[in-house]
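Written out below as structure tokens is the structure these notes cover.
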Amino acid sequence: MPGTRHSARTLPLELRWDDRRPLPARWVVPDGVRPPAPGRAGAAFDFSARMTALCADVAARCEELRHVHMPRVLVSFTPSRNRSRYGLQARVTPLRFRDGALTRSHGPTDYQVQRFFVDGREMLYVLTFCLPRFLDQTFREKLITVFHELYHMAPSFNGDLRRHPGRYAVHSHSKDRYDERMGELVDDYLADHPAPAAFAFLRAGARELWEAHGGIVGAVVPRPKLLPVGAVPRQAAARNRKGPK
């Protein structure tokens, strides 16, 4: 879920990016290389753009992910904290609460997740990859990670996460079985794919991509914050705590 609560006076309820204020971008720097001089980013490999295109192709070809609408998913990256292959590979951050609600009550206060807009279109999810770590997995591991994160998006694509029955609502009762199923979806996706160029970049590691393209860049956005937006009347707050009759 989004970041911790902050004062609404210090953080905006909406963040917008467009031609006048483009999405912030950073170099993805593999071990042993230095970022190029300023002004060369235009020729670099655009990870966010290529991953967005790949995810759109996955959604178009995989029946179980057909609900994913990539124009409302913001693809970004976060730098790896260390060079270990193990640790966070990717995460999907929902920009709505359960069932797509814009606000949620906690005690006497309503809270809202910051709303993100790109070129006037509101985003419902932020899909973030940990780079360069993600790029240094095996080809199959990378695709399983992609499918894993897309599958988390609610079938109704309302900004909420997919929820499984039972105690383990996010990964079902078995994360291993969850990833096994993602592997099956990956195999189906790869079988007889008519345009393998869509995912060819995943066959290269971070260093290889860097050397082939003269650099790698990607969008970097802040994690959306949970902000107070108003007080709920005491009677309504009491009803919320008790739940439906």
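Small disclaimer: the values here were computed from a predicted structure and weren't measured. Residue numbers run from 1 in the order of the sequence given.
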Validation row: [X], [Y] side chains within 4.5 angstrom (heavy atoms):
| X | Y | result |
| --- | --- | --- |
| Phe45 | Arg50 | yes |
| Val118 | Asp18 | no |
| Gln112 | Lys225 | no |
| Leu185 | Cys62 | yes |
| His193 | Asp57 | yes |
| Arg121 | Pro71 | yes |
| Arg61 | Pro194 | yes |

Cation-pi check, Arg16 to Phe117: give yes when NZ or CZ is under 6.0 Å from the six-membered ring centre and within 45° of the ring axis, no otherwise.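 That pair qualifies as a cation-pi contact.
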
Establish, yes or no, whether the cationic atom of Arg72 lies under 6.0 Å from the six-membered ring centre of Tyr125 and within 45° of the ring axis.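 Because its charged atom misses either the 6.0 Å distance or the 45° angle limit, Arg72 does not stack over Tyr125.
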
Is a side-chain N or O of [X] found less than 3.5 angstrom from the main chain of [Y], in a donor-acceptor match?
| X | Y | result |
| --- | --- | --- |
| Gln89 | Arg85 | yes |
| Tyr189 | Phe147 | no |
| His213 | Gly215 | no |
| Asp99 | Ala101 | no |
| Thr103 | Tyr111 | no |
| Thr109 | Pro228 | no |
| Arg207 | Asp31 | yes |

Looking at [Y] and [X], is any side-chain nitrogen of the basic one under 4.0 Å from a carboxylate oxygen of the acidic one?
| X | Y | value |
| --- | --- | --- |
| Arg140 | Glu184 | no |
| Arg163 | Asp160 | yes |
| Glu122 | Arg115 | yes |
| Asp136 | Lys142 | no |
| Arg66 | Glu64 | no |

For residues 69-88, which residue pairs pass the ring-ring contact (aromatic ring centres under 6.0 Å, His included) check, not counting sequence neighbours?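 Not a single pair qualifies under ring-ring contact (aromatic ring centres under 6.0 Å, His included).
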
Run Leu11 and Gln114 through side-chain contact (heavy atoms from CB on, under 4.5 Å) and show every step you take. CA-CA 9 Å; Leu11 292 171; Gln114 276 181 314; 4.1 Å; yes

Please lay out, stage by stage, how Leu161 and Met153 fare under the test side-chain contact (heavy atoms from CB on, under 4.5 Å). CA-CA 5 Å; Leu161 294 177; Met153 298 177 189; 6.0 Å; no

Hey, can you tell me if [X] and [Y] have their rings parallel, tilted or perpendicular (30° and 60° cut-offs)?
| X | Y | answer |
| --- | --- | --- |
| Phe47 | Phe201 | perpendicular |
| Phe139 | Phe199 | tilted |
| Phe116 | Trp17 | perpendicular |

Between [atom1] of [X] and [atom2] of [Y], what distance do you get to the nearest 0.5 Å?
| X | Y | atom1 | atom2 | answer |
| --- | --- | --- | --- | --- |
| His148 | Asp179 | NE2 | CG | 5.5 Å |
| Glu149 | Thr93 | CD | OG1 | 9.0 Å |
| Met51 | Leu131 | CE | CG | 8.0 Å |
| Thr138 | Arg203 | OG1 | CZ | 10.5 Å |
| Tyr151 | Ile144 | OH | CD1 | 14.5 Å |
| Ile216 | Leu135 | CD1 | CG | 5.5 Å |

When you look at Val73 and Thr52, which way does the side-chain contact (heavy atoms from CB on, under 4.5 Å) test go after all the steps? CA-CA 8 Å; Val73 179; Thr52 298; over 6 Å; no

Let me know which of [options] forms a side chain to side chain contact (heavy atoms under 4.5 Å, CB included) with [X].
| X | options | answer |
| --- | --- | --- |
| Phe97 | Val113, Leu102, Asn158 | Val113 |
| Val68 | Leu150, Leu127, Val58 | Leu150 |
| Phe134 | Val28, Thr78, Thr128, Val146 | Val146 |

Leu23/Leu74 under side-chain contact (heavy atoms from CB on, under 4.5 Å): CA gap, chis, key distance, verdict: CA-CA 10 Å; Leu23 281 165; Leu74 175 52; 3.8 Å; yes

Out of curiosity, does Val126 fall in the hydrophobic cluster containing Leu88 (side-chain heavy atoms, cut-off under 4.5 Å, transitive links)?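 No, because Leu88 and Val126 fall into different hydrophobic clusters, even though each may have its own neighbours under 4.5 Å.
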
Please report the closest heavy-atom contact between [X] and [Y], naming both atoms and the distance.
| X | Y | value |
| --- | --- | --- |
| Pro94 | Gly159 | CB-O, 3.0 Å |
| Ser48 | Ala219 | OG-N, 2.9 Å |
| Gly214 | Trp27 | O-CZ3, 4.3 Å |

If only side-chain N and O atoms count, and only distance matters, is there a donor-acceptor pair under 3.5 Å linking Arg91 with His152?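 No, Arg91 and His152 have no side-chain donor paired with an acceptor closer than 3.5 Å.
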
